[in-house]
Protein chains: 2
Amino acid sequence: MKTVPHRTVGRFTLYWHILKDLEQEQTHVYSHFLASKARLTAAQVRRDLMVLGYSGTPARGYDVRKLLDHIEAFLFPSTEQRIAIAGVGNIGRALLKFFAGRQPMLRIAASFEVNPEKYDRMVLGCPCYSIDNAGSVIRELGITVGIIAVPDKEAQFVANLFVAAGIKGIINFARTPLQAPPDVYVEDIDLARSMDKVAYFARQSLKSDSMMISKESHK
Amino acid sequence: MKTVPHRTVGRFTLYWHILKDLEQEQTHVYSHFLASKARLTAAQVRRDLMVLGYSGTPARGYDVRKLLDHIEAFLFPSTEQRIAIAGVGNIGRALLKFFAGRQPMLRIAASFEVNPEKYDRMVLGCPCYSIDNAGSVIRELGITVGIIAVPDKEAQFVANLFVAAGIKGIINFARTPLQAPPDVYVEDIDLARSMDKVAYFARQSLKSDSMMISKESHK
DNA sequence: TGAGCATTGTGAAACAATTCACATTAAATT
DNA sequence: AATTTAATGTGAATTGTTTCACAATGCTCA
Ligand SMILES: NC(=O)c1ccc[n+]([C@@H]2O[C@H](COP(=O)([O-])OP(=O)(O)OC[C@H]3O[C@@H](n4cnc5c(N)ncnc54)[C@H](O)[C@@H]3O)[C@@H](O)[C@H]2O)c1
Ligand SMILES: NC(=O)c1ccc[n+]([C@@H]2O[C@H](COP(=O)([O-])OP(=O)(O)OC[C@H]3O[C@@H](n4cnc5c(N)ncnc54)[C@H](O)[C@@H]3O)[C@@H](O)[C@H]2O)c1
């Protein structure tokens with residue numbers, strides 16, 4: 001069994017969205033077209049689609065509906081897969097609103113809080129439990145993915161609860177790199193890192209702009 | 001002039017934070033220690049630090065204060081660098097709260113909205129302008145980085161305004177891949193993609209768990 | 001003073017992801 | 001039926017990143 005490149009999996013979501021929009025308008029699509037919509041190269045699109053085991057035809061390209069079916073078979077869980085979110089603050093609330101009803105097979109089924117004013121009630125359409133009950137709730141609901149949106153200092157504590165309860169994938173918004181066993185897939189989303197990185201490359205770009213100008217003027 | 005790996009730039013923010021915590025406790029640090037805090041290998045830490053042009057000593061490791069100085073010289077702008085954010089909704093508000101006063105040299109100096117109830121006043125400590133004035137405000141304040149937190153359909157429109165006004169780095173939360181010239185650095189943060197990806201790998205991990213169990217029971 | 005030692009800096013190897021390049025294919029056209 | 005055409009699928013090359021492995025270093029302690 002070959003392992004699928006991580007980035008390819010991420011791009012399937014993108015292709016799915018593009019194809020879904022396209023479905024109404026046309027029955028077939030070429031790799032070139034998908035590539036331009038997704039801001040990639042045609043070769044990369046074809047390389048990604050190889051893992052689906054579905055082939056287009058040279059003359060027609062890919063059948064939009066069939067391609068959607070194959071992406072869905074690959075990407076979407078066949079039975080409902082459940083997600084929990086720890087920390088219903090700024091980030092937690094934004095996520096609850098955003099993911100509500102987005103993908104029926106992938107559902108935020110529970111949230112957890114330390115703050116007694118927030119738990120033991122529905123928050124944005126999702127039941128909120130005390131973090132103390134996380135282990136049993138996760139096991140009872142069969143939750144497999146956890147989102148960490150608690151303050152940095154609490155992140156490892158929550159991750160430990162998640163892992164102990166059998167969660168196999170974590171999205172971590174805290175700035176603390178998490179300790180987790182290798183069979184748990186962790187995706188860190190550190191906005192401060194993104195910010196500093198983009199600011200750095202923006203400066204580089206400005207610098208080379210001004211260098212070009214000074215080069216010009218030396219001519 | 002050699003170009004610095006993108007991932008390395010991202011990790012400097014992480015090292016900076018770890019070192020900042022450490023500064024009070026100790027004067028020197030080994031690559032091993034930084035690696036364990038950052039969940040990386042010691043070799044990778046040393047490889048990253050190479051680009052700073054600062055060397056530690058075999059016996060003492062790195063001088064915490066000097067290393068911080070070099071990271072700051074590399075990562076932090078020498079004069080205030082300004083950021084704008086378009087769209088003060090769920091994501092926009094969360095970011096405004098989070099980045100307020102985080103790094104004095106890197107400041108969210110303006111936000112933009114279409115909704116007249118939101119603009120022409122302060123929102124969470126940051127002046128909010130009409131998106132129609134984005135071009136002139138960006139130029140006047142010398143803003144170089146833009147954050148896109150508007151609905152997907154508006155994202156390209158806002159990106160075009162940003163690029164035309166001279167912005168050189170964009171963080172894009174919308175799910176639309178953006179068209180931008182090559183001298184503008186774009187970082188896409190697509191939470192739906194992260195979600196689907198983590199869910200996929202969590203399922204794989206569950207599957208191989210149960211395969212191991214069935215292997216065990218066959219022995 | 002010098003042997004022992006743990007750590008650094010870095011060339012080279014390994015690995016991962018992307019791009020190139022082209023033989024192959026099936027439809028459209030002659 | 002043969003020819004032309006523009007796309008696909010993929011081996012090989014390239015690019016980017018991480019890891020390995022070890023000589024060089026400078027501190028400690030005999
Ligand atoms: N807001 C942002 O834009 C932003 C950006 C980047 C990173 N982050 C990170 O995301 C995390 C959350 O940020 P936020 O702005 O939503 O914070 P927040 O303070 O608004 O929300 C955190 C919530 O977690 C709850 N909480 C605290 N400890 C808990 C525990 N042990 N178990 C369960 N719940 C607990 C709190 O009661 C609170 O409701 C932080 O680590 C922050 O660094 C946030
Ligand atoms: N909320 C989330 O957790 C989440 C997660 C993933 C992605 N996103 C993406 O982030 C973006 C914003 O999400 P949100 O939840 O904050 O949405 P939101 O609807 O809460 O906020 C969008 C804001 O943008 C403003 N706006 C609309 N058009 C504008 C324009 N042309 N110029 C300036 N402002 C404009 C609206 O008035 C609104 O205040 C969307 O593209 C969404 O897909 C959000």
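Here is how names work: the chains are called A, B, and so on, in the same order as the sequence lines, proteins then strands, and each is numbered from 1. Computed from heavy atoms alone, side chains included, the values below leave out hydrogens, waters and symmetry copies.
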Using a heavy-atom distance cut-off of less than 4.0 Å, which residues of residues 179-192 of chain B contact DNA chain D?
none
Return the set of residues passing side chain to side chain contact (heavy atoms under 4.5 Å, CB included) with [X] (not counting sequence neighbours), or none when no residue passes.
X        : value
B:Ser194 : A:Ile171, A:Glu187, A:Ile189
B:Glu80  : B:Arg82, B:Arg107
A:Pro177 : B:Leu14, B:Arg39
B:Gln26  : B:Leu22, B:Val29

Counterpart residues, ring-ring contact (aromatic ring centres under 6.0 Å, His included), relative to A:Tyr30 (two or more places apart):
none
If a pair satisfies side chain to side chain donor-acceptor pair (under 3.5 Å) and one of its residues is in residues 50-64 of chain B, list it, with sequence neighbours excluded.
none
Readout for nucleotides 5-18 of chain D: B = base within 4.0 Å of protein heavy atom, S = sugar-phosphate only, - = neither; 5' to 3' it is --BBBBBB----SS
Hey, could you give me the CD/NZ distance between A:Glu23 and A:Lys20, rounded to the nearest 0.5 Å?
4.5 Å
If you look only at distance, which donor and acceptor atoms sit under 3.5 Å apart when one is on a side chain in residues 85-100 of chain A and the other is two or more places apart or in another chain?
from: A:Asn90; atom 1: OD1; to: B:Lys97; atom 2: NZ; distance (Å): 2.9
from: A:Lys97; atom 1: NZ; to: B:Asn90; atom 2: OD1; distance (Å): 3.0

If you look only at distance, which donor and acceptor atoms sit under 3.5 Å apart when one is on a side chain in residues 161-169 of chain A and the other is two or more places apart or in another chain?
from: A:Lys168; atom 1: NZ; to: A:Asp183; atom 2: OD2; distance (Å): 2.9
from: A:Lys168; atom 1: NZ; to: B:Asp209; atom 2: OD2; distance (Å): 3.2

Among residues at least two apart in sequence or on other chains, which ones pass salt bridge (Lys or Arg N to Asp or Glu O under 4.0 Å) with B:Glu72?
B:Arg65
What is the first contacted nucleotide of DNA chain C and what is the last, in 5' to 3' order, if contact means an atom lying under 4.0 angstrom from a heavy atom of chain B?
C:dT7 to C:dA12
